[in-house]
Number of protein chains: 2
Amino acid sequence: MKAFTKKQGLRTIEQIAKAAGVSTATVSRVINNPETVKAAKREAVLKVIEQNDYIHDGMAKSLAGGKTRTIGLVIPTITNSIYAAFTHSIQRIAQKSGYSVILVVSDFDEDKEKQLIRRLVERRVDGIILTGGEHDPAVFRALERHSIPCVFTWRSSEDNIHPSVSFDNYEAGLLAMEKLFSLGHRRIGLICGRTDVNDRAEKRWRSYVDALAKHDVEFDPELVFERDFEFIEGHTAMVRMIDNPEPPTAIFAANDIQAIGAISACRDKGLTVPQDISIIGFDDLPIAQFCHPKLTTIHVPASDMGHLAATRLFQLINGETLSDTDILPVKLVERESTAPVRALSEETR
Amino acid sequence: MKAFTKKQGLRTIEQIAKAAGVSTATVSRVINNPETVKAAKREAVLKVIEQNDYIHDGMAKSLAGGKTRTIGLVIPTITNSIYAAFTHSIQRIAQKSGYSVILVVSDFDEDKEKQLIRRLVERRVDGIILTGGEHDPAVFRALERHSIPCVFTWRSSEDNIHPSVSFDNYEAGLLAMEKLFSLGHRRIGLICGRTDVNDRAEKRWRSYVDALAKHDVEFDPELVFERDFEFIEGHTAMVRMIDNPEPPTAIFAANDIQAIGAISACRDKGLTVPQDISIIGFDDLPIAQFCHPKLTTIHVPASDMGHLAATRLFQLINGETLSDTDILPVKLVERESTAPVRALSEETR
DNA sequence: TGAAAAAATGTAAGCGCTTACAAAATTCAA
DNA sequence: TTGAATTTTGTAAGCGCTTACATTTTTTCA
């Protein structure tokens, strides 16, 4: 074992200072404000630093400086790759600004989320990006107590304290539903996330309900399925609907994962999308353009949202005050999974 | 603006100590070793802590204690969701042990990776999980200098210093190629990641080359494409192959993303998979079971690998010495995207 | 050329916690 | 009941850095 490799080399600012014949303050300056120290001295210090692979201690720096240069990102899941795009753009901004991001996955568990955010507070992150609107009140107390800036995403904040970057889930849902109605569908099924733990799912569910009402279609609980974000969940939900004595002619799947699962179920049951049944998704994941049939879906600005959220957070961290709410646009992307309803003989009501 | 919310409440261990009428040492003990302080006193302290939503300062704790309870995870991309499963299982283990994970995405850029790992060292993470085998030597110097344990994944380490948790990319590639040969294919195309920055891609590329040689098939550079992990890359590569005067009858796509992109291209060009062309993937992403046709692919133990890697890392962190290399099994999952070669009249050579 | 202004550097007091070690309180055994 | 053994608690010295303030050096300009 090489486990006992001697840690030779200078490891503290004090040792570097001594070796370079300057004070610790000067070393600190060449690291943090190089322009304030004279060139000759600066070079000397830098040389010692390089020769020793010196990497300063961020913990000590944070303690002394009151800044950790770390932000926390809280998302509900990484199974649904829509959050990958979101995460990615946040990472990019953070990296560019010299910040690290601690990624936290709550699994749609409010209690777990509270625990994890508590951990972020312990780590004294400089800011936090939160997903969705349902959080334990203790979370807010902790954030406020430690004056940790935070921005909400995926849903507009309802207080006016924290800025939010989001899009309108309800309007977006309506967009999907209206599309289906415009194609002549009236018997429409819904597959969405669990509305009890996911307020985005709840908003989309509501747009489903309202659209139905607007078009005088009776709500049929047999046609709505709240499931986890897994292909298989969309699949099993779809199977149940196909087996319904009065199956739907169209499905609003409130996320692409479930939509693709549903399409797969149709195929397994011998139905063709969109000829036999139309399916509209939500998210516009990259796969939506490459699956078969290509998925008609609602494009969600995940990357832009991440980008803007991170930007806003850094503004907050830098002391700017902004209580604005950013609402990003969504749009319907029509591809191949939707078509006009077929005038079936069995078309009832 | 509520920006000036007064931060009332006790915020340091010293204040808590005073309020509870004990010493800072005692407060520290009730937080870290509750069983060593008498019940009455412990309760008193706990009460003060609760009443004030006191959350201790992890920076100070780390500085004083020499442990950060944070690990770093370095992956090349989150676009390819195979890393999502991997990340997820690592997160789970870490959370259970009270650790946070700092996620770092290198984008296959060795230099960027070096920078980012440097940042992890600054943060004095207790350990690091690395993906792949190509890293700047400076990285190792830094890790060694600070005695930061690290485990390699997705490829077995070639030194005997760091343990690794991986599977055999070369054997796995052979598995795929042999399958294709066993179905009678001889004109086989390859789509894989960029071998210059991705040693997993390089290993798979090698298995392609070797398998060809073994079966006396001449290597045709027109049939190999090294691309990024995007559906569209698989798509365009496939289009090029279809347009080849002598198109392949089968494709080894060294990852599912590109495989699905390729399938989509076949459809766009009017070809049917697997009747007209067989495609075998690599990774076995969740989507592989729900796309059309269902993808024949190599199942990679991403979750298990994450689980084991995290376990090994914590063993290392806890001072256990293990220089072992774990090699996890892979397997071929046969689904619908492969079929025996058709005896085409134009079948040459 | 010399005094004042400006720039560069050093000194040392924290930042909030942990943990040896010392001191005090409690328990035990005869 | 008492002294030793044991348990509980307190004291204070760091951990490695930043930074206000003091001091020294350099520059400026009359």
Side-chain angles (χ1 to χ4, degrees), chain A residues 7 9-46 48-49 52-70 119 121-126 145-147, chain B residues 7 9-46 48-49 52-70 119 121-126 145-147:
Chain A
K7 329 177 200 167
L10 280 21
R11 319 189 59 256
T12 73
I13 210 175
E14 194 170 309
Q15 295 166 337
I16 296 289
K18 188 178 301 172
V22 300
S23 72
T24 61
T26 298
V27 177
S28 176
R29 287 189 192 101
V30 344
I31 294 173
N32 302 297
N33 301 89
E35 69 285 359
T36 67
V37 14
K38 256 216 299 228
K41 217 148 217 156
R42 192 196 320 143
E43 297 312 327
V45 172
L46 247 19
V48 178
I49 287 181
N52 289 275
D53 283 331
Y54 169 74
I55 297 184
H56 71 226
D57 186 320
M59 295 301 119
K61 175 173 178 151
S62 296
L63 216 214
K67 247 89 213 43
T68 55
R69 293 190 87 73
T70 301
R119 217 119 93 191
V121 175
E122 281 182 6
R123 301 226 134 78
R124 298 294 189 265
V125 292
D126 292 340
R145 171 76 105 239
H146 293 273
S147 317
Chain B
K7 327 179 201 163
L10 281 19
R11 318 190 59 258
T12 73
I13 210 173
E14 195 171 308
Q15 294 167 335
I16 296 288
K18 189 179 301 173
V22 300
S23 72
T24 61
T26 299
V27 176
S28 176
R29 288 188 192 103
V30 345
I31 294 173
N32 301 298
N33 301 88
E35 69 284 0
T36 66
V37 14
K38 255 216 301 231
K41 218 147 215 156
R42 191 194 323 141
E43 296 313 325
V45 171
L46 247 17
V48 178
I49 287 181
N52 288 276
D53 284 331
Y54 168 74
I55 296 184
H56 71 226
D57 186 320
M59 294 302 120
K61 176 174 178 150
S62 295
L63 216 213
K67 246 89 213 41
T68 56
R69 293 190 84 73
T70 301
R119 216 118 92 192
V121 175
E122 281 183 5
R123 302 224 134 77
R124 298 294 190 262
V125 292
D126 293 340
R145 172 75 107 238
H146 292 274
S147 319

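Convention: sequence-line order gives letters A, B, ...; per-chain numbering from 1. Keep in mind that this is a model prediction, so the values were computed, not measured. Quick note: numbers below take in every heavy atom, side chains included, and nothing from hydrogens, waters or symmetry partners.
The distance from atom CG of Leu10(B) to atom P of dG16(C) is 13 Å, rounded to the nearest whole Å. Regarding Met59(A), its CE atom lies at a distance of 18 Å from the C1' atom of dG14(D), rounded to whole Å. Look at NZ on Lys18(B): it is 13 Å from P on dG16(C), rounded to the nearest Å.
Of all the heavy atoms in Leu63(A) and Ala60(B), the pair that sits closest is CG-CA, 3.9 Å. Closest non-hydrogen pair, Ala19(B) versus Leu10(B), comes out as CB-CD2, 3.7 Å. Closest non-hydrogen pair, Asn52(A) versus Gly9(A), comes out as OD1-CA, 3.8 Å.
Side chains of Thr68(A) and Arg123(B): no donor on one and acceptor on the other come within 3.5 Å.
Ionic pairing of Arg69(B) and Asp126(B) is not present here: no N-O contact between side-chain nitrogen and carboxylate oxygen is shorter than 4.0 angstrom.
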Base, backbone or nothing for each nucleotide of nucleotides 17-26 of chain C, written B, S, -, heavy atoms under 4.0 angstrom, 5' to 3'? BSBB-----S
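Distance from the side chain of Leu63(B) is smallest for dG16(D) among the nucleotides dT11(D), dT11(C), dG16(D).
Note on Lys41(A): a side-chain N or O is less than 4.0 Å away from OP1 or OP2 of dT9(C).
A 6.0 Å sphere centred on CD of Glu14(B) holds no more than 12 heavy atoms belonging to other residues, nucleotides or ligands.
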